[in-house]
Amino acid sequence: MSQTLFQKIGGEAAVDAAVDIFYRKVLADDRISDFFDDIDMDKQAAKQKSFLTMAFGGPNNYSGADMRHGHAHLVKRGLNDIHFDAVVENLAATLTELNVAPAHIAEVAALCETTRKDVLCK
Amino acid sequence: MTQLTFNNISYTCSENETVLDVLHGHGVTVPSSCRSGLCQTCLMQAVKGTPPATAQKGLKDTLKAQNYFLACCCHPNEDLEVSLPNQETARIKATVSSIEKLSSDIVGVSLQCEQPLDYKSGQFINLFKEESLARSYSIASVPAQDNHITLHVRKVPDGRMSTWIHHELNSGDSVEISQAVGDCFYTSGKAEQPMLLIGTGSGLAPLYGIARDAITQGHSGPIRLYHGSINVDGLYLHKELQDLSKQHENFSYIPCVSDEPVEEDNIVNGHVLDVALQDHAKLSGWRVFLCGNPNMVKAAKKKTFLNGAAMKDIYADAFVPVA
């Protein structure tokens with residue numbers, strides 16, 4: 001049986017390993033840190049975990065409408081393609097740091113790409 | 001099949017249903033989002049019974065210790081009584097045993113509770129003056145060591161509660177308090193883990209409790225406590241903490257004064273967060289506790305995380321002053 005992308009990357013353990021690394025990267029990235037600089041860092045980290053699970057092709061129940069609803073307030077604050085690209089870039093750097101194969105990283109980026117329109121409320 | 005009780009109503013939970021399924025199925029509103037055990041929006045607490053470990057994955061150790069769980073992935077294997085987090089709990093009557101002046105604007109209040117209070121050092125209680133006036137105070141005492149519950153109350157300018165406590169409350173008076181709540185406390189299990197504690201002002205109260213609780217529970221890793229104050233007068237447990245560091249090799253106390261020059265050798269000039277981070281540029285593997293001024297706590301959370309502390313190992317309690 002062929003493995004899913006989520007299994008190939010390492011499943012839940014990979015998400016757990018990636019979440020702090022990824023969150024540190026976006027907080028340190030001046031292009032996007034303002035969107036992530038939440039008062040409640042625990043809640044923000046839990047959101048990152050949901051995002052990573054989805055991006056890794058793991059089990060999730062988010063619909064396109066959820067994506068739009070969840071990001072509408074950020075789009076009002078100016079969230080655009082530049083920020084979206086920066087997030088995907090940080091995610092790829094995180095996975096590289098965790099020694100994930102380039103082919104799998106490309107799959108993750110492609111999966112993120114499918115949500116671009118909904119996230120940016122286009 | 002198990003019984004699930006919420007708000008005094010019992011529901012039947014079959015094997016393939018989650019707590020969230022059952023409550024939503026009966027029209028009970030429980031906030032939820034991802035329904036995959038990740039976003040933690042559907043956080044609930046079991047007040048009776050123990051939730052399965054699978055429903056606690058990803059939660060902070062202090063939340064697990066209080067039987068918090070995620071409703072969307074909780075398939076109970078025993079009867080549970082559950083509530084939403086931070087619900088106002090039953091009040092407890094207590095008598096003031098002593099009020100002691102600790103600095104020019106902080107008093108220590110010791111309370112004797114009528115029923116034993118189940119608490120962890122570093123959690124907080126709400127103290128009531130009258131029906132609608134309550135303020136939160138952190139607990140500096142240690143259950144295994146102290147007979148009384150001890151709070152450190154700073155005089156807030158025009159503060160209705162703190163003015164009353166400082167000027168009118170006397171030993172022997174009766175007061176009401178809530179159950180202890182909050183997730184800023186020590187959990188056993190990783191006795192060698194190094195710990196960094198940073199607090200300003202009366203934010204020392206929970207840290208003093210947490211440090212002594214950790215020592216009492218046999219913590220063997222280093223415990224570094226940084227206390228910041230604008231002036232020397234505000235270093236209100238200086239002697240006690242110096243004595244504690246003499247008694248326990250793994251405990252050290254670093255007092256910091258930001259707004260007046262100090263000549264004493266053992267007091268550092270500077271802001272407490274700057275001093276602590278200068279000493280600890282790498283915090284990977286550390287457990288961190290941050291209490292006091294909200295701006296300090298917010299900055300410290302971010303900086304200690306960027307310095308390598310894992311999100312799950314950072315515990316914080318911001319003291320927001322309320323008149």
Side-chain angles (χ1 to χ4, degrees), chain A residues 4 6 11-30 32-73 90 94 97-98 115 119, chain B residues 18 20-21 24 31-43 54 56-64 68 70 72-73 85-86 182-184 282-286 288 290 293-318 320:
Chain A
T4 63
F6 188 58
E12 270 186 68
V15 174
D16 288 337
V19 66
D20 274 14
I21 299 173
F22 174 69
Y23 190 17
R24 265 186 214 112
K25 285 191 193 297
V26 297
L27 275 180
D29 186 335
D30 291 340
I32 48 175
S33 61
D34 282 354
F35 292 110
F36 291 90
D37 199 358
D38 203 307
I39 302 244
D40 193 331
M41 288 180 64
D42 287 309
K43 278 197 180 142
Q44 186 58 241
K47 283 183 198 163
Q48 308 306 336
K49 205 171 166 184
S50 307
F51 164 63
L52 294 178
T53 304
M54 191 210 70
F56 292 2
N60 73 88
N61 295 305
Y62 286 117
S63 65
D66 289 336
M67 285 290 146
R68 284 175 179 267
H69 180 72
H71 293 91
H73 67 291
N90 281 300
T94 301
E97 206 173 308
L98 291 169
T115 68
V119 167
Chain B
T18 66
L20 191 64
D21 292 333
H24 276 184
S32 69
S33 176
C34 81
R35 294 177 156 259
S36 310
L38 299 168
C39 73
Q40 303 188 2
T41 308
C42 64
L43 187 71
T54 48
Q56 296 186 307
K57 271 197 73 181
L59 296 183
K60 280 192 140 103
D61 287 343
T62 51
L63 290 176
K64 288 181 187 170
Y68 278 90
L70 300 173
C72 75
C73 51
N86 301 324
D183 67 352
C184 190
K282 290 215 173 93
L283 288 171
S284 177
W286 284 66
V288 178
L290 309 163
N293 180 293
N295 292 329
M296 188 286 289
V297 169
K298 180 175 188 262
K301 237 178 145 174
K302 186 169 163 181
K303 287 179 177 170
T304 52
F305 175 65
L306 289 174
N307 281 10
M311 205 60 213
K312 272 167 60 182
D313 282 331
I314 302 174
Y315 299 93
D317 200 349
V320 182

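Chain letters run A, B, ... following the sequence lines, proteins first, then strands; residues in each count from 1.
Of the listed residues (Arg35(B), Gln40(B), Lys302(B)), the one with the most heavy-atom contacts under 4.5 Å to chain A is Lys302(B). Contact tally against chain A (heavy-atom pairs below 4.5 Å) for Gly58(B), Ala318(B), Ala310(B), Ala316(B): the top residue is Ala310(B).
Here Asp37(A) contributes atom CG and Lys298(B) contributes atom NZ; the two are 4.5 Å apart, rounded to the nearest 0.5 Å.
Heavy-atom distances place the backbone of Ala309(B), and not its side chain, under 4.5 Å from chain A. With a threshold of 4.5 angstrom between heavy atoms, Gln48(A) does not approach chain B through any atom at all. Interface remark: Phe51(A) contributes no atoms to any contact with chain B (heavy atom separation under 4.5 Å).
The closest side-chain heavy-atom distance from Asp42(A) to Lys60(B) is below 4.5 Å.
For Lys303(B), the NZ atom sits in a loose shell: 12 or fewer heavy atoms of surrounding residues, nucleotides or ligands are nearer than 6.0 Å. Annotation for Gln44(A): atom CD counts as buried by contact number, over 12 foreign heavy atoms lying within 6.0 Å.
Residues forming a ring pair (Phe, Tyr, Trp, His ring centres under 6.0 Å) with Phe36(A) (at least two apart in sequence, or on another chain): none. Qualifying ring pair (Phe, Tyr, Trp, His ring centres under 6.0 Å) partners for Phe35(A), counting only residues two or more places apart in sequence or in other chains: His83(A).
Contact between Phe305(B) and Asp20(A) at its shortest, heavy atoms only, is CZ-O, 3.5 Å.
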